[in-house]
2 protein chains.
Amino acid sequence: MAAEQDPEGRAAERPLLTDLYQATMALGYWRAGRAREPAEFELFFRRCPFGGAFALAAGLRDCLRFLHAFRLQDADVQFLASVLPPDTDPAFFEHLRSLDCSGVTVRALPEGSLALPSVPLLQVSGPLLVVQLLETPLLCLVSYASLIATNAARLRLIAGPEKRLLEMGLRRAQGPNGGLTASTYSYLGGFDASSNVLAGQLRGVPVAGTLAHSFVTSFSGTEVPPDPMLAPAAGGGPRVDLVACVEAWLERVCAHLGLGVQEPHPGERAAFVAYALAFPQAFQGLLDTYSVRRSGLPNFLAVALALGELGYRAVGVRLDSGDLLQQAQEIRAHLRTSAAQFQVPWLESVPIAVSNNIDEGELARLAQELVSVGGQPRMKLTEDPDKQTLPGSKAAFRLLGSDGSLLLDLLQLAEEPPPQAGQELRVWPRGAQASRTVRPAHVEPLLRLWVQEGQLCEPLPSLAESRAFAQLSLSLLSPAHRRLEQPELYQVALSEKLQALVARLSAGGPQ
Amino acid sequence: MAAEQDPEGRAAERPLLTDLYQATMALGYWRAGRAREPAEFELFFRRCPFGGAFALAAGLRDCLRFLHAFRLQDADVQFLASVLPPDTDPAFFEHLRSLDCSGVTVRALPEGSLALPSVPLLQVSGPLLVVQLLETPLLCLVSYASLIATNAARLRLIAGPEKRLLEMGLRRAQGPNGGLTASTYSYLGGFDASSNVLAGQLRGVPVAGTLAHSFVTSFSGTEVPPDPMLAPAAGGGPRVDLVACVEAWLERVCAHLGLGVQEPHPGERAAFVAYALAFPQAFQGLLDTYSVRRSGLPNFLAVALALGELGYRAVGVRLDSGDLLQQAQEIRAHLRTSAAQFQVPWLESVPIAVSNNIDEGELARLAQELVSVGGQPRMKLTEDPDKQTLPGSKAAFRLLGSDGSLLLDLLQLAEEPPPQAGQELRVWPRGAQASRTVRPAHVEPLLRLWVQEGQLCEPLPSLAESRAFAQLSLSLLSPAHRRLEQPELYQVALSEKLQALVARLSAGGPQ
C-alpha cells in the first residue's frame, strides 16, 4: 500500500481557493490600517449533523497542507489586481506578495475526535489579513471532511464492528477531488475500504472491487479463453481445463437446484470463468445481471465448485439490485443446501456482499444478516441560519467521571486556569436556563497545538491511526448519546466567566 | 479576466481516478484475450433531474482533458500491481504501461445542449480494456457537471434573464475541486458569477464578493483609519474626510428615519467607512449584522450619501438572514423616501442583493422584487435502480418543425441512414405503447465527433460560449417543457429498427 502522499491536491493548495469577499475584506482591513492586527477565528458545528448527538473532527491534514503551501505567487496577485479596483494602492499588492503563514498558529481537535456543538474543531490565529484569507479554504476543507467522517461513523455504528463497509461513491461525487475527499474521510470515519483507486494510491486507503454488470453482459458465451487451464492452488499437480470443469459442475448444480441446464445464462458463466481465471484466489460472483436464482446462483456455484476442486475458495457473492435482504436470505439457504449436497462445508459461509443506494435505514435492516456492504455514504450538509457565535478566544476541556465516562465538554475563556480534577466547578450547560456543578475525576484538554507561528509542532497521525482513534472516541460515548435517532444530547457547558461575557454582550449590544 | 487554463486539475488527470473494479475487470478481459476487442459505452441520464423535463450537458471539457492526459505511469502500474493478485501475469502490466487513448473516439453533445433521457451525453469507443478504465472517471466528470449546470439553468429560468445570480457554495462544497466544479458549471448553466476566486483564476468565471458579517463585527467604532481622506470621483477638487462627512450625514439620516443618533452601531459604521475607503466606486452595505432598520440601513445611508457628495454611487445593499423578501420591500420603501428627502434620485434604485440558502421556491418568491441573488445551487443526485440500457451503438437526432419548434429527439442505430427533412417517418416514443409518425421540417444531428482515434477534431468552445449556447438551447424549449414543476415531458423516440432490436432482446433474453 502506498504511503500517504498528495501530489494531486493542487486545488487544495492554491491560495486563491477562497471567496472573493475575503480578498475585498483584506483590502478593507489594509486600508483601515488593521492588516497586521492579531485576530482569531474558530470553526465549529452549530448542531450535530444527521440528527445525531456527535460529530467526528476531520480534515486537519488537508488544512495543514494548505497552510504549509500558502503563499501568493505573482500570478495570484496579478489575478486579484485584475478583479479589484484599478486605483487600488500598489502597496496592498506588495503586502499580498509578502504574505505567508509564518505568523499563524493553529489549535485543533485531533482527527477522529468527538466534536460537539460550539466546541472549536479548529482555532486559527495570526495577522488579521492572513487569517481572513484562510477562512474559506479551511472551512471548505474541514466541513465536508468532518461530515463524511461522521456519516461513516454512524454507518459503522449501525453495522457493528465486524461487517465490512466499502465506499463506492466516486462516480457520483462532486468531481474528482470530491470523490477523493469522500473516500479518504469515509475510511477515517470507520469504513474498511474504497473503490477509489486514487484514494489508495495517494492516501493509502485500502481499495476493493471486483466486477460490474457490464463485464457480465459483455460476454455472450461463445468466447473461447486463449488459455482455459488453471493450476491447483497448492502449486503441485497438473493444470485443469476450468471451462470443462465448470460445465461438468453445472449439470450437478442444476440437478440439485431443479433447473434445466440451459437456464443459466452462458454469457454470465463465461464472464465468471474469465474472472476466475484472472482471480482464482479471489473469485466473487455478481449474481443479479440476469436472474439471481435461475442464472447467477447456479453459474456462481458451478464456478466456485470447480475452483474448489483445485483448492481455491470463492470469496463471496454480490447483489446490486432488488430486495437485498430477502435475496441474501434465499442465497444463504441455497448455499447451505449446496454445501451439504456436495460436501463442501466452506460453501455454506461464503460472504454475501450487497450494494446499491444503502442508507442508514437499509443498512440497519441488512446489518444483522450480511457481512459486507458497499455504497455511497449519504451526505446532507447542515446549515444553521443563526449567525451568533460565542465571543472571545476559548479553551475546551472534556470532563470525565472516575470510571472514565464522559460528563460534559467545557468551553471557557483562553485566559482562565484549566479545571482541576477532583475540584467542583460551576458551569452553564448550553441551552439550559440554570447553572449546575460538576466534579470531574479527570480533565482532558481537547484542543491541541499543531502549528505555532507557522511551524508544525508535532507530526499528524497517519490516516489509519486517526481511523483507530475515531473508533476509540466513539466507544467512550454512552449508548444513549451514540444512538442515531433521537439521541440524548451530550452536554456542552460554558464556564461562569464565559457565560457572564455572553450575557453582558447580549444585554449591551445594539437591539 | 484570466483565460481558461487548468494547472489545478491534477486529480482530474490521474489515470487511477477510477473504481478498482475497472482494473480487476481489465485483468479479466485481458486474461480472456479480449483486451483489444472494439467496445463502446454511453453515458446518459435515465430521468431528468430535479423533476424537470430537461437537463443540460456539461463536463465535456474535463473529459477531454482527462483523455488527453491518460497514460499509466510506472508508479500507477506499480500501485495496481500492489493491489492485484501477486501471481498476475507480468505481461498484463506491460500492457497497462503501453495504454493511451490513441485508439479512443468520443462523440458527445456540445456543452450547454439540452440532454434528454436516454440520449447519450457521451459515446466513447475504443479497445475494450481502455474503455473500461475510462468509464468511472468520465462518469464522475460528466454527471456532477451536468447536474450543477441543469440546476443553475433552472434557477436562471426562475429568476429571468435580467437578475444577477451569484454562486457562493465553496465553503460547503465537497472539498476544493467539488467547489471548483460547482462554480464552473453553475456559470455554464446560467449564473453570472461566483465567489470562488480560483474558479476565476483557472476557469475564467467572473468573480464577485464584498464583505461578511465578521468584517462588520471586527470593528468596534473606536478605530481611527490611518487616512480617512477620499478624493472626489471625478478626480479634481480637494480630498474630503470621509469619517467626518459620514457623521454629519448620520444626523440627517437618523432625523429622517426617526432614530436616535446613538442607535446605529458605531462599529458597523466604522466597517462601512473602511470598506468605502477601499472601494469608493463599489460600496455595498451588508445590512443585517445588527438591526437592519435601526443600524444597518441608517449606517448605509450615511456612508452612501457621504460618498454621493464626492460623486460616488453606492452599488447596493445585501441581506443575508431573516425574511429576505419582506426586509427587501421595507428597505426599498426607505430608499425611496430617503432619495426624495435628500434629493438624491439614484438612491431610490440602489440594487438589493440577498443570500442565505436560497432554493427554487425561495427564488421564485424573490425573483419579482430583487436584482441579485446569491447562494449555493442545491444539488440532488438522481439515481435509477433500473439497470437496463438500450442496446447497440446509437445515433441521435433532433427533429424540428417548420417554425423551428422542437418535435422530438430520435435515437436510432448508428448504421441507419439519418432521417431526412420533409420525409415522414415512423417512430416509437419511449414509454408509449404505440408508434407514431412525424414529418420533420429540419433534422439536426445531436452528437458531435470531438476525438477520433485519440486526436481532437475541433477545439471546444470557451466556457462563456458554452454558457451562451446553454441559454440558446433553453430558449428553444416550449414553456410547457421548460416549466420546472410537472412539466410536459419532451419526447424521446426510437427508430423502428432500434425498437425492434429492443423488443427482440427483451423477448429472447434469459428470464
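Order of the sequence lines fixes the chain letters, A, B, ..., with proteins taken first and strands second; residue numbering starts at 1 for each chain. If you're wondering where the values come from, they're calculated on a predicted model, not measured in any experiment.
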So which part of [X] gets closer than 4.5 Å to some heavy atom of chain A, the side chain, the backbone, both or neither?
| X | value |
| --- | --- |
| B:Phe41 | neither |
| B:Tyr29 | both |
| B:Gln132 | side chain |
| B:Gln22 | side chain |
| B:Asp89 | neither |
| B:Ser214 | both |
| B:Gln78 | neither |
| B:Ser218 | both |

Hey, mind stepping through A:Leu202 and A:Leu180 against side-chain contact (heavy atoms from CB on, under 4.5 Å) and telling me if it holds?
CA-CA 9 Å; A:Leu202 300 179; A:Leu180 194 59; 4.1 Å; yes
Looking only at side-chain N and O atoms, does [Y] offer a donor or acceptor that is under 3.5 Å from a partner on [X]?
| X | Y | result |
| --- | --- | --- |
| A:Arg318 | A:Ser355 | yes |
| A:Tyr144 | A:Asp62 | no |
| A:Asn196 | A:Glu167 | no |

Identify which of [options] forms the greatest number of heavy-atom pairs closer than 4.5 Å to chain B.
| options | value |
| --- | --- |
| A:Ala270, A:Ala278, A:Gly322, A:Ala276 | A:Ala278 |
| A:Pro226, A:Ala274, A:Gly33, A:Pro264 | A:Pro226 |
| A:Pro280, A:Ala271, A:Ser195 | A:Ser195 |
| A:Ala32, A:Pro225, A:Ala23 | A:Ala32 |
| A:Pro137, A:Pro85, A:Gly59 | A:Pro85 |
| A:Leu139, A:Thr136, A:Leu277 | A:Leu277 |

Counting only non-hydrogen atoms closer than 4.5 Å, does [X] touch chain B with its backbone (N, CA, C, O), its side chain (CB onward), both, or neither?
| X | result |
| --- | --- |
| A:Leu80 | side chain |
| A:Ala212 | both |
| A:Phe219 | both |

Quick test of your reading of the model: are B:Asp288 and B:Arg293 salt-bridged, counting only N-O distances below 4.0 Å?
no
Heavy-atom check, side chain of A:Asp19 versus side chain of B:Val197, under 4.5 Å:
no
Is the shortest heavy-atom distance from the side chain of B:Leu211 to the side chain of A:Tyr21 under 4.5 Å?
no
Atom pair CD/NE2 of A:Glu268 and A:His213 - distance to nearest 0.5 Å
9.0 Å
Pairwise distance OG1(A:Thr184) to CG(A:Leu198) - rounded to 0.5 angstrom
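It comes to 9.0 Å.
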Pair B:Thr289, B:Phe215 - check side-chain contact (heavy atoms from CB on, under 4.5 Å), show working.
CA-CA 10 Å; B:Thr289 304; B:Phe215 185 85; over 6 Å; no
Give the member of B:Leu84, B:Leu138, B:Thr210, B:Leu27 that has the highest number of heavy-atom pairs under 4.5 Å with chain A.
B:Thr210
Top contributor to chain A interface from B:Val273, B:Asp76, B:Val224 [non-hydrogen pairs under 4.5 Å]:
B:Asp76
In terms of ring plane angle, is the pair B:Tyr275 and B:Phe283 parallel, tilted or perpendicular, where the classes change at 30° and 60°?
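It falls in the tilted class, 30° to 60°.
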Set out, in order, the CA-CA distance, both residues' side-chain angles and the distance that settles side-chain contact (heavy atoms from CB on, under 4.5 Å) for B:Tyr290 and B:Val216, then state yes or no.
CA-CA 9 Å; B:Tyr290 305 111; B:Val216 175; 3.9 Å; yes
